[in-house]
**Student:** 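A single structure is presented below for examination.
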Amino acid sequence: LEQLIVARESRLDYVRAQIVTTSTDQLDPTLTVAERVDLIAYTQRLVEEKARIEQELPRLQADLIRQHAQLNEMRQSLVSVVY
């Protein structure tokens with residue numbers, strides 16, 4: 001789960017950077033209409049992906065906190081059984 005969170009955070013950083021890049025690229029006066037449309041569509045997909053990741057991350061982080069708490073409870077139970 002920790003690796004998944006790190007992977008999602010890395011992807012979010014990449015997507016944010018790509019949104020900036022594609023937004024800037026749209027200002028290029030040499031782009032054709034078709035290229036501009038493709039770039040806008042790609043940017044929109046990135047924005048949607050960013051929103052999904054931003055929505056998913058808090059849930060994953062909460063799951064991780066819950067799992068750590070459960071693990072600590074299990075360790076405490078094990079310690080009390082051993083002693």
Side-chain angles (χ1 to χ4, degrees):
L1 192 54
E2 289 174 356
Q3 290 176 345
L4 179 60
I5 291 170
V6 169
R8 290 293 191 274
E9 289 172 338
S10 294
R11 179 65 184 173
L12 184 58
D13 289 341
Y14 172 79
V15 167
R16 285 177 176 153
Q18 284 299 107
I19 289 170
V20 171
T21 299
T22 57
S23 297
T24 303
D25 289 349
Q26 291 175 26
L27 302 175
D28 183 350
T30 64
L31 288 179
T32 65
V33 172
E35 290 170 328
R36 197 173 307 276
V37 168
D38 289 343
L39 201 51
I40 291 169
Y42 178 60
T43 303
Q44 182 59 37
R45 287 192 302 275
L46 290 170
V47 168
E48 291 167 0
E49 181 178 1
K50 177 181 169 279
R52 281 192 305 274
I53 294 171
E54 287 175 338
Q55 186 176 26
E56 179 184 29
L57 272 175
R59 183 187 55 79
L60 291 173
Q61 292 163 338
D63 289 349
L64 180 61
I65 290 169
R66 220 175 356 268
Q67 285 183 3
H68 278 293
Q70 289 172 345
L71 181 59
N72 286 335
E73 288 175 17
M74 290 171 58
R75 286 181 179 152
Q76 292 294 330
S77 295
L78 183 59
V79 166
S80 65
V81 168
V82 172
Y83 293 106

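Residues take their numbers from the sequence shown, with the count starting at 1. What you are looking at is a predicted structure, and each value in this text was computed from that prediction instead of being measured.
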**Student:** What pairs with D28 under side-chain hydrogen bond (donor to acceptor under 3.5 Å, both in side chains), at least two apart in sequence or on another chain?
**Tutor:**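 Residues passing side-chain hydrogen bond (donor to acceptor under 3.5 Å, both in side chains) with D28: T30.
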**Student:** Verify the cluster assignment for Y42 and V47: are they in a single hydrophobic cluster under the rule of side-chain heavy atoms below 4.5 Å apart?
**Tutor:**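 In one cluster: yes.
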**Student:** Going hydrophobic residue to hydrophobic residue with side-chain gaps under 4.5 angstrom, can you get from L12 over to L46?
**Tutor:**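 As far as the 4.5 Å side-chain criterion goes, L46 and L12 are not connected within one cluster.
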**Student:** Cut-off 3.5 Å, no hydrogens considered: what does the side-chain donor-acceptor table look like for residues 64-71, sequence neighbours left out?
**Tutor:**
residue : atom : partner : partner atom : Å
R66     : NH2  : D63     : OD1          : 2.3
H68     : NE2  : E2      : OE2          : 3.1

**Student:** Report the residues that fulfil side-chain hydrogen bond (donor to acceptor under 3.5 Å, both in side chains) with T43, sequence neighbours left out, ordered by chain and then residue number.
**Tutor:**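 In terms of side-chain hydrogen bond (donor to acceptor under 3.5 Å, both in side chains), with neighbours along the sequence ignored, T43 is linked to T22, Q26.
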**Student:** Output all residues satisfying side-chain contact (heavy atoms from CB on, under 4.5 Å) with R11, sequence neighbours left out; order by chain, then residue number.
**Tutor:**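 Once residues adjacent in sequence are excluded, the partners of R11 under the side-chain contact (heavy atoms from CB on, under 4.5 Å) criterion are Y14, V15, E49, I53.
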**Student:** Show which residues join V33 in its hydrophobic cluster (side-chain heavy-atom contacts under 4.5 Å, direct or indirect), or state none.
**Tutor:**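 Cluster partners of V33: V37.
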**Student:** Enter the distance from D25:CG to I40:CD1 here, rounded to the nearest 0.5 Å.
**Tutor:**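 Answer rounded to 0.5 Å: 12.0 Å.
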**Student:** Taking 4.0 angstrom as the limit, do E56 and R59 come out as a salt bridge?
**Tutor:**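 Salt bridge: yes.
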**Student:** Could you go through Q61 and E9, starting from their C-alpha distance and side-chain angles, then the distance that decides it, and tell me whether this counts as side chain to side chain contact (heavy atoms under 4.5 Å, CB included)?
**Tutor:** CA-CA 11 Å; Q61 292 163 338; E9 289 172 338; 3.5 Å; yes
**Student:** For R16, enumerate each residue passing the side-chain hydrogen bond (donor to acceptor under 3.5 Å, both in side chains) test, keeping only those at least two apart in sequence or located in another chain.
**Tutor:**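 side-chain hydrogen bond (donor to acceptor under 3.5 Å, both in side chains) check on R16 returns E54.
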**Student:** Measuring from R45:CZ to I19:CD1, what's the distance to the nearest 0.5 Å?
**Tutor:**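 That separation rounds to 12.0 Å.
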**Student:** What distance do N72 atom CG and S77 atom OG have between them, rounded to the nearest 0.5 Å?
**Tutor:**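 Answer rounded to 0.5 Å: 10.5 Å.
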**Student:** Hey, could you give me the OG/CD distance between S23 and Q18, rounded to the nearest 0.5 Å?
**Tutor:**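 Spacing of OG (S23) from CD (Q18) equals 10.5 Å.
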